[in-house]
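These notes are about the structure you will find just below.
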Protein chains: 2
Amino acid sequence: MSEKKRGNTSLQQMMESFEEACRSADLKLTHQRLEIYRELATATDHPCAETLHRRLLKHMPTLSLDTVYRTLATFAQHHLVKKVQTVDSQARFEAEMSQHHHVICDSCKEIMDFQWGSFDAFSVPGDIEQWGSITNKNVTIHGTCRKCQATQQEVKQT
Amino acid sequence: MSEKKRGNTSLQQMMESFEEACRSADLKLTHQRLEIYRELATATDHPCAETLHRRLLKHMPTLSLDTVYRTLATFAQHHLVKKVQTVDSQARFEAEMSQHHHVICDSCKEIMDFQWGSFDAFSVPGDIEQWGSITNKNVTIHGTCRKCQATQQEVKQT
DNA sequence: ACCTCTTTAAGAATAATTCTTATTTACATA
DNA sequence: TATGTAAATAAGAATTATTCTTAAAGAGGT
Ligand SMILES: [Mn+2]
Ligand SMILES: [Mn+2]
Ligand SMILES: [Zn+2]
Ligand SMILES: [Zn+2]
């Protein structure tokens with residue numbers, strides 16, 4: 001039971017369906033791809049390419065940052081990972097492909113997942129259905145997380 | 001009645017409250033600031049800095065791109081404009097500060113506003129209220145707009 | 001009109017990402 | 001298991017988006 005919590009899907013399962021997806025998309029199963037995917041799949045913080053690279057360097061000292069970028073782009077094209085939309089300049093990524101939403105702390109930039117089934121079941125306003133064909137709808141909540149609230153409190157007291 | 005549609009607020013009104021806000025924030029009312037704000041306020045497409053610059057060059061041939069970036073950053077700090085969150089590398093902006101949501105065409109990158117009062121009235125899942133203090137919640141819908149659907153149809157037939 | 005501080009334009013610099021190329025590797029096949 | 005070949009990687013150069021530096025221009029108060 002020492003595996004990271006990842007919704008209901010275990011890392012093992014994710015790795016297996018990842019390998020399967022690569023094979024059927026004719027993507028070679030390189031050490032780099034496997035490790036980059038694994039690192040992202042175990043991360044819960046929606047890391048940017050650089051963060052991912054920094055983490056991976058510990059066990060793969062020759063991994064290039066370019067490979068991380070290139071690989072993430074390839075994965076995204078094949079819908080194996082998602083680029084997360086943010087207001088910041090560095091792109092951030094996630095391996096969690098199932099429907100979920102984000103809370104973002106505007107102070108520390110932490111992005112957390114959450115579920116909102118009753119929203120998912122909601123149907124969009126009528127005029128939007130005219131607009132075109134919709135592939136997905138997501139909520140982003142912005143605010144300040146507890147940790148940052150505490151920190152800002154301390155600063156005030158200084 | 002020839003003014004651009006801007007929700008219910010007219011451009012005149014926006015310009016007036018903009019000038020008022022600048023004065024009370026001790027921001028000098030320069031020609032550049034007025035024109036950049038006006039251009040963004042009349043745009044309905046959430047332009048990036050470069051697009052805005054290109055449009056403004058027609059009437060202000062010496063305006064520098066740096067000024068557009070710097071000015072938008074200043075405006076954003078003072079909550080006079082908003083940076084829109086996207087998955088693309090170029091930042092996009094809007095002057096519409098009232099609560100609204102976005103539909104984004106993944107093909108042509110067009111961003112359209114829409115209202116969703118019943119969503120706004122919805123309260124967020126309980127576990128999120130524990131997370132920290134929330135400043136806003138917004139929906140982003142992704143899909144393909146009618147125009148792009150039509151174009152893709154043509155391509156198929158070729 | 002003049003002073004002072006802010007803002008601007010221009011170009012240099014930086015940050016994030018992508019491209020080029022020589023080398024290495026995965027994996028299909030013999 | 002060895003070999004051939006296309007795909008992928010590492011390294012560094014290049015590009016794109018944005019920010020910084022500095023000298024000159026302008027806003028707004030007196
Ligand atoms: Mn997520
Ligand atoms: Mn908008
Ligand atoms: Zn935080
Ligand atoms: Zn479109």
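Computation of the quantities below employed the complete heavy-atom set of this structure, encompassing side-chain atoms and omitting hydrogens, waters and symmetry-equivalent molecules. Just so it is clear: chains get the letters A, B, ... in the order the sequence lines come, proteins before strands, and each one is counted from 1.
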Could you tell me the separation between the [atom1] atom of [X] and the [atom2] atom of [N], rounded to a whole number of Å?
| X | N | atom1 | atom2 | value |
| --- | --- | --- | --- | --- |
| D88(B) | dT18(C) | CG | C1' | 15 Å |
| Y69(A) | dA14(D) | OH | C1' | 15 Å |
| L29(A) | dA28(C) | CG | P | 10 Å |
| Q90(B) | dT15(D) | CD | P | 17 Å |
| R23(B) | dG29(D) | CZ | C1' | 15 Å |
| K83(B) | dA17(D) | NZ | P | 14 Å |

**Q.** Smallest separation among heavy atoms of S98(B) and E96(B), with atom names
**A.**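 Here S98(B) and E96(B) meet closest at OG-OE2, 2.6 Å.
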Q: Establish, with yes or no, whether the OP1 or OP2 oxygen of dA10(D) is under 4.0 angstrom from a side-chain nitrogen or oxygen of T67(A).
A: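 Indeed, a polar side-chain atom of T67(A) lies that close.
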Q.
If you take any heavy atom closer than 4.0 Å to DNA chain D, which residues from residues 46-65 of chain A end up in contact?
A. T62(A), L63(A), S64(A)
Straight-line distance of [X] [atom1] to [Y] [atom2], nearest 0.5 Å:
| X | Y | atom1 | atom2 | result |
| --- | --- | --- | --- | --- |
| I141(B) | W116(B) | CD1 | CH2 | 5.5 Å |
| H100(A) | N138(A) | NE2 | CG | 7.5 Å |
| E20(B) | C22(B) | CD | SG | 9.5 Å |
| M112(B) | C105(B) | CE | SG | 11.0 Å |
| R92(A) | K109(A) | CZ | NZ | 9.0 Å |
| I104(A) | I111(A) | CD1 | CD1 | 4.5 Å |

Hey, can you pull the donor-acceptor pairs under 3.5 Å for the side chains in residues 69-82 of chain B, sequence neighbours left out?
{"residue": "R70(B)", "atom": "NE", "partner": "D66(B)", "partner atom": "OD2", "Å": "3.4"}
{"residue": "R70(B)", "atom": "NH2", "partner": "D66(B)", "partner atom": "OD2", "Å": "3.2"}
{"residue": "R70(B)", "atom": "NH2", "partner": "T67(B)", "partner atom": "OG1", "Å": "2.9"}
{"residue": "T71(B)", "atom": "OG1", "partner": "T67(B)", "partner atom": "O", "Å": "2.6"}
{"residue": "T74(B)", "atom": "OG1", "partner": "R70(B)", "partner atom": "O", "Å": "2.9"}

Q: Could you pull out all residues at least two apart from H101(B) that satisfy ring pair (Phe, Tyr, Trp, His ring centres under 6.0 Å)?
A: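 Scan of H101(B) (ring pair (Phe, Tyr, Trp, His ring centres under 6.0 Å), adjacent residues dropped) gives F114(B), F119(B).
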What nitrogen or oxygen pairs link the protein and nucleotides 19-21 of chain C at under 3.5 Å?
{"residue": "dC19(C)", "atom": "N4", "partner": "D66(A)", "partner atom": "OD1", "Å": "2.4"}
{"residue": "dC19(C)", "atom": "N4", "partner": "D66(A)", "partner atom": "OD2", "Å": "3.2"}

Q. Can you name the residues that form a side-chain hydrogen bond (donor to acceptor under 3.5 Å, both in side chains) with T62(B), not counting sequence neighbours?
A.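 Counting only residues at least two positions away or on another chain, T62(B) forms no side-chain hydrogen bond (donor to acceptor under 3.5 Å, both in side chains).
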(Q) Applying a 4.0 Å non-hydrogen cut-off, can you work out what A91(B) is touching in the nucleic acid: base, sugar-phosphate, or nothing? (A) sugar-phosphate
Q: Kindly say whether T144(B) contributes a backbone atom to a donor-acceptor pair with the side chain of D106(B) at under 3.5 angstrom?
A: no
Between the protein and nucleotides 2-5 of chain C, list every N/O to N/O distance that falls short of 3.5 Å.
{"residue": "dC5(C)", "atom": "O2", "partner": "K28(B)", "partner atom": "NZ", "Å": "3.4"}

Q: With DNA chain D as reference, determine whether L27(B) or L27(A) sits nearer its 5' end, using the nearest nucleotide of each.
A: L27(A)
(Q) On DNA chain D, compare the nucleotides closest to T30(B) and R92(B); which residue's is nearer the 5' end? (A) R92(B)
Q: Taking only heavy atoms on the protein side, list every residue of residues 31-39 of chain B lying under 4.0 Å from any atom of DNA chain C, sorted numerically.
A: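 Result for residues 31-39 of chain B: Q32(B), R33(B), sorted by number.
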Q. Do Q12(B) and M15(B) come close enough that some side-chain heavy atom pair is under 4.5 Å?
A.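 Counting from C-beta outward, Q12(B) and M15(B) never come under 4.5 Å.
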Please tabulate, for side-chain N and O atoms in residues 126-137 of chain A, each donor-acceptor pair with protein atoms closer than 3.5 Å (sequence neighbours left out).
{"residue": "T135(A)", "atom": "OG1", "partner": "H142(B)", "partner atom": "O", "Å": "3.1"}
{"residue": "K137(A)", "atom": "NZ", "partner": "D120(A)", "partner atom": "O", "Å": "3.0"}
{"residue": "K137(A)", "atom": "NZ", "partner": "F122(A)", "partner atom": "O", "Å": "3.1"}

Q | Where at least one partner belongs to residues 46-57 of chain A, residue pairs that pass salt bridge (charged side-chain N to carboxylate O under 4.0 Å, His left out), sequence neighbours excluded | A |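 Residue pairs with at least one partner in residues 46-57 of chain A: D45(A)-R55(A).
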Q.
Enumerate the ring pair (Phe, Tyr, Trp, His ring centres under 6.0 Å) contacts for residues 42-66 of chain B, please, sequence neighbours excluded, ordered by first and then second residue.
A. H46(B)-H102(B)
Q. So how far off straight is the helix from dA1(C)-dT30(D) to dA30(C)-dT1(D), going by the axes through five pairs at either end, to 10°?
A. 40°
For residues 27-36 of chain A, run the donor-acceptor check on the side chains, cut-off 3.5 Å, and write out each pair with its distance to 0.1 Å, sequence neighbours left out.
{"residue": "T30(A)", "atom": "OG1", "partner": "R33(A)", "partner atom": "N", "Å": "3.1"}
{"residue": "R33(A)", "atom": "NH1", "partner": "K28(A)", "partner atom": "O", "Å": "2.9"}
{"residue": "E35(A)", "atom": "OE2", "partner": "R38(A)", "partner atom": "NH2", "Å": "3.4"}

